[in-house]
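First the structure, in the form of structure tokens, and then the observations on it.
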Amino acid sequence: MMQLGTLERSIMQALWEHPEGVFANHLAAVLPSQPATTTVLTVLVRLSHKGMVARERIGRAHLYKATATKDAFVAEAMHAALNEAGDLEAAVQRFVGTVTPQVAAALLEALGERDGSTP
């Protein structure tokens, strides 16, 4: 599963909130931790190597965009976590036992759509 550090998560959240793209200096200014622009650039390069961020040259700077939606990232993280489970059935049972009624309903609906039936 792809682990993200605190600054990486903050940057990805900002990119997901601005799908049109963001410049590194803007990210540095809006992040709660107020990192230096050079620090943000270093993290953006790391995220691009992980395939999570793409960049486009605009003049002398780069516009950075997330390569996938937050929903896609979360789905991939859940898939990776299940692949790491020693006992898949036990892991799924524990997970299902902890979800809210809204999550349970979403799971039932998604499984019904997958099977071609309604729950």
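Note that this is a predicted model, so its numbers are computed, not measured.
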*Under the side chain to side chain contact (heavy atoms under 4.5 Å, CB included) criterion, do F23 and I58 qualify, and how do the steps go?*
CA-CA 9 Å; F23 292 101; I58 307 287; 4.0 Å; yes
*How many angstroms lie between atom CG of L44 and atom CD1 of I11, to the nearest 0.5 angstrom?*
5.0 Å
_A14 backbone acceptor or donor facing H18 side chain under 3.5 Å_ = yes
*Is it possible for you to say whether L7 and V30 belong to one hydrophobic cluster, with membership spreading through side-chain heavy-atom contacts below 4.5 Å?*
no
*Can you get from V92 to V103 by hopping between Ile, Leu, Val, Met, Phe, Trp and Tyr side chains that sit under 4.5 Å apart?*
yes
_Joint cluster assignment, V43 & F73, ILVMFWY side-chain distance < 4.5 Å_ = yes
*Do NZ/NE/NH1/NH2 and the carboxylate oxygens of K50 and E8 come within less than 4.0 Å?*
yes
*Any chance you could measure H26, atom NE2, to L31, atom CG, to the nearest 0.5 Å?*
9.0 Å
*To the nearest 0.5 angstrom, please state how far the NE2 atom of H62 sits from the CD atom of E56.*
9.5 Å
*If you group Ile, Leu, Val, Met, Phe, Trp and Tyr by side-chain heavy-atom gaps below 4.5 Å, do V96 and L108 land in one group?*
no
*Which distance, rounded to the nearest 0.5 Å, do you find between the CD of Q13 and the NZ of K70?*
3.5 Å
_Do M12 and L4 have side chains that approach each other closer than 4.5 Å (heavy atoms only, starting at C-beta)?_
yes
_Verdict with supporting geometry, V22 and Y64, side chain to side chain contact (heavy atoms under 4.5 Å, CB included)_ = CA-CA 5 Å; V22 182; Y64 293 88; 5.7 Å; no
_The test is side chain to side chain contact (heavy atoms under 4.5 Å, CB included); show your working for L27 and L15 and say whether it passes._
CA-CA 9 Å; L27 281 171; L15 292 174; 4.3 Å; yes
